[in-house]
Engineer: 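A single structure is presented below for examination.
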Amino acid sequence: MASSEKVSVYNLADLKNTADDAIPNYLNSLKFRQSHFLTDVRLALGYTAFVLAAACFLWDYRFGFEPTKQYTAIAVGLYTMLNGALTYWISDVEKGAVYQGTAPSGEKLTVASATKKNDPTYRLTVSVEAKGAEPRVIKLSKPFASFFDETGRFVPQPFQEALASSIPVVGKQDPKRVKLASQEMLDTDPDVLDAVLAANAKEEQGSSTAAEAANKKGGKRRKA
């Protein structure tokens, strides 16, 4: 089912932002515990710089430039440092990260997104770190057309299937979204394979129960 909101299919920024927003919604629905550390630090740096600039304006407005010029010089230096730190944080620490969190099974997950100019492809770099192990990096690329319809509405199911089929820790939490075409992932991660088989068995059992109930109901009608 497509989202009711529409974006321009020719605007890469809108397409990317919509897909970025869908990642936390999906992962949090699978009981991933999201971390807001990166965002909190960025907001702290930005708001501190703003408060410093506002204070500088107020004391200059109230006391004049001459009595406060030393404080203004210090404030300008601090403001420059804060903005430099903010630029470094966004470019070298966040590196396009749109989600950080912890899976119910304990793995730490970081998802960064990116696009290239004039290329309608959504690129994800996913880092999965299990306790006591080296981080595993997964790269995923999908055309926006695979999860946006022709009117610009976002379609969640193929987007979720792409994540669950490419990222084992996500597929383990949502086995129904794992496509069997991703055989390599199933072969390399037994936990995901077990989850998929369990989900399929449960689905088949539910279908069998429904069929039996329908047959019984039909049989009673014929008997009458």
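These numbers come from a predicted model, not from an experiment. Starting from 1, each residue takes its place in the sequence as its number. Computed from heavy atoms alone, side chains included, the values below leave out hydrogens, waters and symmetry copies.
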Engineer: Side-chain heavy atoms under 4.5 angstrom apart, residues restricted to Ile, Leu, Val, Met, Phe, Trp, Tyr: same cluster for Ile74 and Phe65?
Structural biologist: no

Engineer: So, taking the atom named CE in Met81 and the one named OG1 in Thr48, what distance separates them when rounded to the nearest 0.5 Å?
Structural biologist: 12.5 Å

Engineer: A side-chain contact here means heavy atoms from C-beta on lying under 4.5 Å apart; do Ile90 and Leu86 qualify?
Structural biologist: yes

Engineer: Can you give me the closest heavy-atom contact between Ser166 and Ile138, atom names plus distance?
Structural biologist: O-CG2, 3.6 Å

Engineer: Would Glu134 and Glu129 count as a side chain to side chain contact (heavy atoms under 4.5 Å, CB included) here? Give the steps.
Structural biologist: CA-CA 6 Å; Glu134 289 293 321; Glu129 184 178 356; over 6 Å; no

Engineer: Please determine, by modelled atom types, if Asp20 and Tyr122 share a side-chain donor-acceptor pair under 3.5 angstrom.
Structural biologist: yes

Engineer: Using every non-hydrogen atom in the two residues, find where Leu52 and Ala75 come nearest and quote the distance to one decimal.
Structural biologist: CD2-O, 3.4 Å

Engineer: Do Phe154 and Val9 share a hydrophobic cluster (ILVMFWY, side-chain heavy atoms under 4.5 Å, transitive)?
Structural biologist: no

Engineer: Which word best sums up how the rings of Phe57 and Tyr61 line up, parallel for under 30°, tilted for 30 to 60°, or perpendicular for over 60°?
Structural biologist: parallel

Engineer: Drop me the distance from Leu15's CG to Phe147's CZ, to the nearest 0.5 angstrom.
Structural biologist: 8.0 Å

Engineer: Determine the minimum heavy-atom distance between Leu30 and Gln173, stating which atoms define it.
Structural biologist: O-NE2, 3.7 Å

Engineer: Do Glu94 and Arg42 come close enough that some side-chain heavy atom pair is under 4.5 Å?
Structural biologist: yes

Engineer: Are side-chain heavy atoms of Tyr71 and Asp60 found at a separation under 4.5 Å?
Structural biologist: no

Engineer: Nearest 0.5 angstrom please: Leu27 CG to Leu109 CG, how far?
Structural biologist: 6.0 Å

Engineer: Which residue, Lys172, Arg33, Arg136, Lys131, forms the salt bridge (Lys or Arg N to Asp or Glu O under 4.0 Å) with Glu107?
Structural biologist: Lys172

Engineer: Supply the atom-to-atom distance Tyr10 OH to Phe144 CZ, rounded to the nearest 0.5 angstrom.
Structural biologist: 15.0 Å

Engineer: Side chains of Gln100 and Lys108: closer than 4.5 Å at any heavy-atom pair?
Structural biologist: no

Engineer: Over all heavy atoms of both residues, which pair between Trp89 and Leu38 is shortest? Give the atoms and the distance, please.
Structural biologist: NE1-O, 3.2 Å

Engineer: Check for a donor-acceptor pair, side chain of Asp174 on one end and backbone N or O of Val170 on the other, with a separation under 3.5 Å.
Structural biologist: no

Engineer: Among Val126, Leu124, Val178, which residue meets the side chain to side chain contact (heavy atoms under 4.5 Å, CB included) test with Ile167?
Structural biologist: Val126

Engineer: Between CG of Asn25 and CD of Gln34, what distance do you get to the nearest 0.5 Å?
Structural biologist: 9.0 Å

Engineer: Is the shortest side-chain N to carboxylate O distance from Glu161 to Lys176 below 4.0 Å?
Structural biologist: no

Engineer: Counting C-beta onward and ignoring hydrogens, is there a side-chain heavy-atom pair between Leu140 and Leu163 closer than 4.5 Å?
Structural biologist: yes

Engineer: Which heavy atom in Val169 sits nearest to a heavy atom in Ala103, and how many Å separate them?
Structural biologist: CG2-CB, 3.4 Å

Engineer: Are the side chains of Pro120 and Pro143 in touch, meaning some heavy atoms are under 4.5 Å apart?
Structural biologist: no

Engineer: What is the distance from atom CZ of Phe63 to atom OG1 of Thr68, rounded to the nearest 0.5 Å?
Structural biologist: 8.5 Å

Engineer: Not counting sequence neighbours, which residues clear salt bridge (Lys or Arg N to Asp or Glu O under 4.0 Å) with Lys95? List them please.
Structural biologist: none

Engineer: State, without any angle test, whether Lys142 and Thr121 hold a side-chain donor-acceptor pair at a distance under 3.5 Å.
Structural biologist: no

Engineer: Is there a path from Tyr47 to Val41 through hydrophobic residues (I, L, V, M, F, W, Y) whose side chains come within less than 4.5 Å of each other?
Structural biologist: no

Engineer: Go through the side-chain N and O atoms of Tyr88 and Asn83 and say whether any donor and acceptor fall under 3.5 Å apart.
Structural biologist: no

Engineer: Check Ser113 against Val98 and note the closest heavy-atom contact, atom names and distance.
Structural biologist: OG-CG1, 3.5 Å

Engineer: Whether the side chain of Asn17 engages the backbone of Ala13 through a donor-acceptor N/O pair (distance < 3.5 Å, no angle test) should be reported.
Structural biologist: yes

Engineer: Are Asp14 and Ser8 linked by a side-chain donor-acceptor pair shorter than 3.5 Å?
Structural biologist: no

Engineer: Could you go through the side-chain hydrogen bond (donor to acceptor under 3.5 Å, both in side chains) check for Asp21 and Tyr26 one step at a time?
Structural biologist: CA-CA 9 Å; Asp21 291 341; Tyr26 175 50; over 6 Å; no

